[in-house]
Amino acid sequence: MNARKQEAKSSKVENPFFSDVYDVVRQVPKGRATSYVAIAAYLGNKRGARMVGWAMSRTYGRPDVPAHRVVNKEGELTARDLFETPTTMQERLESEGLEIMNNKIQNWEERFWDPEKELH
DNA sequence: GCAGTGACTTTCG
DNA sequence: ACGAAAGCCACTG
(Lines give C-alpha, C1' and ligand atoms only; values in the text may rest on other atoms or scores of the structure.)
Protein backbone atom coordinates (compact mmCIF):
# COMPACT_ATOMS: atom_id res chain seq x y z
CA MET A 1 0.00 0.00 0.00
CA ASN A 2 1.15 3.46 -0.72
CA ALA A 3 -0.08 4.70 2.58
CA ARG A 4 1.96 2.02 4.32
CA LYS A 5 5.06 3.08 2.46
CA GLN A 6 4.50 6.74 3.16
CA GLU A 7 3.85 6.07 6.77
CA ALA A 8 7.03 4.09 7.14
CA LYS A 9 8.93 6.77 5.32
CA SER A 10 7.53 9.50 7.54
CA SER A 11 8.06 7.61 10.75
CA LYS A 12 11.59 6.99 9.67
CA VAL A 13 12.47 10.65 9.70
CA GLU A 14 10.89 12.90 12.30
CA ASN A 15 12.01 16.46 12.16
CA PRO A 16 13.42 17.60 15.50
CA PHE A 17 11.56 20.80 14.83
CA PHE A 18 8.25 19.10 15.55
CA SER A 19 9.38 17.43 18.73
CA ASP A 20 10.98 20.61 20.00
CA VAL A 21 7.97 22.74 19.22
CA TYR A 22 5.63 20.29 20.88
CA ASP A 23 7.88 20.00 23.89
CA VAL A 24 8.19 23.74 24.32
CA VAL A 25 4.49 24.41 23.88
CA ARG A 26 3.66 21.66 26.33
CA GLN A 27 5.84 23.35 28.92
CA VAL A 28 4.07 26.67 28.58
CA PRO A 29 2.58 27.35 32.02
CA LYS A 30 -1.11 27.99 32.43
CA GLY A 31 -2.09 31.60 32.17
CA ARG A 32 0.90 32.30 29.95
CA ALA A 33 1.52 32.35 26.21
CA THR A 34 4.44 32.43 23.85
CA SER A 35 5.03 33.58 20.32
CA TYR A 36 6.12 31.82 17.14
CA VAL A 37 9.32 33.76 16.81
CA ALA A 38 10.25 32.94 20.41
CA ILE A 39 9.94 29.23 19.76
CA ALA A 40 11.72 29.57 16.45
CA ALA A 41 14.55 31.43 18.12
CA TYR A 42 14.72 28.81 20.85
CA LEU A 43 15.10 26.17 18.14
CA GLY A 44 17.76 28.22 16.41
CA ASN A 45 15.64 29.24 13.44
CA LYS A 46 14.89 32.85 14.10
CA ARG A 47 13.46 33.09 10.60
CA GLY A 48 11.44 29.96 11.11
CA ALA A 49 8.43 31.60 12.68
CA ARG A 50 6.38 30.35 9.77
CA MET A 51 7.72 26.87 10.30
CA VAL A 52 6.54 27.00 13.87
CA GLY A 53 3.10 28.00 12.69
CA TRP A 54 3.21 25.29 10.09
CA ALA A 55 4.19 22.76 12.73
CA MET A 56 1.45 24.06 14.97
CA SER A 57 -1.11 23.39 12.28
CA ARG A 58 -0.16 19.74 12.69
CA THR A 59 -0.72 20.09 16.43
CA TYR A 60 -4.35 20.72 15.71
CA GLY A 61 -6.31 17.95 17.36
CA ARG A 62 -3.53 17.20 19.81
CA PRO A 63 -4.67 17.74 23.41
CA ASP A 64 -1.06 17.25 24.43
CA VAL A 65 -0.12 20.52 22.80
CA PRO A 66 -1.91 23.65 23.99
CA ALA A 67 -1.72 25.40 20.64
CA HIS A 68 -4.00 28.13 21.90
CA ARG A 69 -1.12 29.36 24.06
CA VAL A 70 0.89 30.21 20.97
CA VAL A 71 0.18 33.56 19.42
CA ASN A 72 2.00 36.01 17.21
CA LYS A 73 4.53 38.52 18.40
CA GLU A 74 1.87 41.07 19.25
CA GLY A 75 -0.07 38.61 21.34
CA GLU A 76 -2.83 38.48 18.78
CA LEU A 77 -4.86 35.33 18.22
CA THR A 78 -4.16 34.91 14.54
CA ALA A 79 -5.16 31.27 14.46
CA ARG A 80 -8.55 31.61 16.02
CA ASP A 81 -10.15 30.98 12.63
CA LEU A 82 -8.52 27.58 12.45
CA PHE A 83 -9.97 26.36 15.71
CA GLU A 84 -13.26 24.60 16.09
CA THR A 85 -14.97 27.93 16.39
CA PRO A 86 -13.65 31.48 15.98
CA THR A 87 -14.03 31.91 19.71
CA THR A 88 -12.57 28.62 20.93
CA MET A 89 -9.05 29.93 21.22
CA GLN A 90 -10.09 33.03 23.08
CA GLU A 91 -12.39 31.14 25.40
CA ARG A 92 -9.65 28.67 26.24
CA LEU A 93 -7.17 31.41 27.04
CA GLU A 94 -9.74 33.28 29.07
CA SER A 95 -10.55 30.14 31.02
CA GLU A 96 -6.86 29.94 31.87
CA GLY A 97 -6.90 33.39 33.39
CA LEU A 98 -5.76 35.43 30.40
CA GLU A 99 -7.50 38.62 29.46
CA ILE A 100 -8.24 39.02 25.79
CA MET A 101 -9.60 42.06 24.04
CA ASN A 102 -10.07 42.47 20.33
CA ASN A 103 -8.29 39.13 19.75
CA LYS A 104 -5.27 40.42 21.59
CA ILE A 105 -3.86 39.31 24.91
CA GLN A 106 -3.90 42.12 27.42
CA ASN A 107 -0.72 42.75 29.41
CA TRP A 108 1.07 40.77 26.75
CA GLU A 109 4.44 41.83 28.09
CA GLU A 110 3.65 40.20 31.40
CA ARG A 111 1.91 37.20 29.90
CA PHE A 112 4.66 36.54 27.40
CA TRP A 113 6.54 33.35 28.19
CA ASP A 114 9.99 33.17 26.65
CA PRO A 115 11.37 29.61 26.42
CA GLU A 116 14.88 30.98 26.04
CA LYS A 117 14.61 32.72 29.40
CA GLU A 118 12.39 30.26 31.21
CA LEU A 119 13.78 27.00 29.87
CA HIS A 120 17.16 28.23 28.80
C1' DG B 1 11.98 19.78 -10.11
C1' DC B 2 9.11 23.98 -10.24
C1' DA B 3 5.26 26.58 -8.43
C1' DG B 4 1.98 27.51 -4.93
C1' DT B 5 0.89 27.92 -0.03
C1' DG B 6 1.19 29.03 4.98
C1' DA B 7 -1.17 29.61 12.89
C1' DC B 8 4.94 34.85 10.70
C1' DT B 9 7.92 39.04 10.66
C1' DT B 10 9.94 43.10 8.86
C1' DT B 11 10.17 46.92 5.78
C1' DC B 12 8.51 50.32 2.44
C1' DG B 13 4.92 53.53 0.67
C1' DA C 1 -1.49 53.89 11.36
C1' DC C 2 -2.76 50.72 7.54
C1' DG C 3 -1.79 48.01 3.36
C1' DA C 4 1.24 45.68 0.22
C1' DA C 5 5.49 43.18 -0.80
C1' DA C 6 9.59 40.60 0.34
C1' DG C 7 12.06 37.15 3.11
C1' DC C 8 11.90 33.02 5.23
C1' DC C 9 11.80 27.34 5.48
C1' DA C 10 9.23 23.20 4.74
C1' DC C 11 5.35 20.73 2.59
C1' DT C 12 2.15 19.53 -1.27
C1' DG C 13 0.60 19.00 -6.02
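Within every chain, numbering begins at 1; the chains are lettered A, B, ... in the order of the sequence lines, protein sequences first and strands thereafter.
Counting 5' to 3', DNA chain B first comes under 4.0 angstrom of a heavy atom of chain A and last does so at the ends given by B:dG6 to B:dT10.
Considering only residues two or more places apart in sequence or on other chains, A:Tyr42 meets the ring pair (Phe, Tyr, Trp, His ring centres under 6.0 Å) condition with none of them. A:Lys30 is linked by a side-chain contact (heavy atoms from CB on, under 4.5 Å) to A:Arg69, A:Glu96, counting only residues two or more places apart in sequence or in another chain. Partners of A:Asn45 according to the side-chain contact (heavy atoms from CB on, under 4.5 Å) rule, which considers only residues two or more places apart in sequence or in another chain, are A:Phe17. Residues meeting the salt bridge (charged side-chain N to carboxylate O under 4.0 Å, His left out) test with A:Arg92, sequence neighbours left out: A:Glu84. Shown here are the side-chain contact (heavy atoms from CB on, under 4.5 Å) partners of A:Met89, two or more places apart in sequence or in another chain: A:His68, A:Val71, A:Leu77, A:Ala79, A:Arg80, A:Phe83, A:Leu93. Among residues two or more places apart in sequence or in another chain, the side-chain contact (heavy atoms from CB on, under 4.5 Å) test is passed with A:Glu91 by A:Thr87.
Comparing A:Lys73 and A:Phe83 by the nucleotide of DNA chain B that holds the closest heavy atom to each, the one mapping nearer the 5' end is A:Phe83.
Within residues 96-110 of chain A, no residue has any heavy atom under 4.0 Å from DNA chain B.
Among the protein residues, A:Thr59 comes within range of the nucleic acid bases, having at least one heavy atom under 4.0 Å from a base atom. Nucleic acid contact for A:Ala55: none, since no nucleic acid atom lies under 4.0 Å from a heavy atom of the residue. Nucleic acid contact for A:Val70: base, since at least one base atom lies under 4.0 Å from a heavy atom of the residue. Residue contacts for A:Ser57: at a heavy-atom cut-off of 4.0 Å it reaches a base atom on one of the strands shown.
Other residues, nucleotides and ligands contribute more than 12 heavy atoms inside 6.0 Å of the CD atom of A:Gln106. Counting heavy atoms of neighbouring residues, nucleotides and ligands inside a 6.0 Å radius, atom CZ of A:Arg47 does not exceed 12 of them.
Every pair tested for salt bridge (Lys or Arg N to Asp or Glu O under 4.0 Å) that includes a residue from residues 98-120 of chain A fails, sequence neighbours excluded, so the list is empty. Within the structure, the ring pair (Phe, Tyr, Trp, His ring centres under 6.0 Å) test picks out the following pairs touching residues 86-112 of chain A (sequence neighbours left out): A:Trp108-A:Phe112. Listed by first and then second residue, the side chain to side chain donor-acceptor pair (under 3.5 Å) pairs that reach into residues 56-65 of chain A come to none, sequence neighbours excluded.
Nucleotides B:dA7 and C:dC2, compared at atom P, are 22 Å apart to the nearest Å.
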Contact letters for nucleotides 6-13 of chain C, in which S counts primed atoms plus P, OP1 and OP2 and B counts the base, heavy atoms under 4.0 Å: -BBBSS--

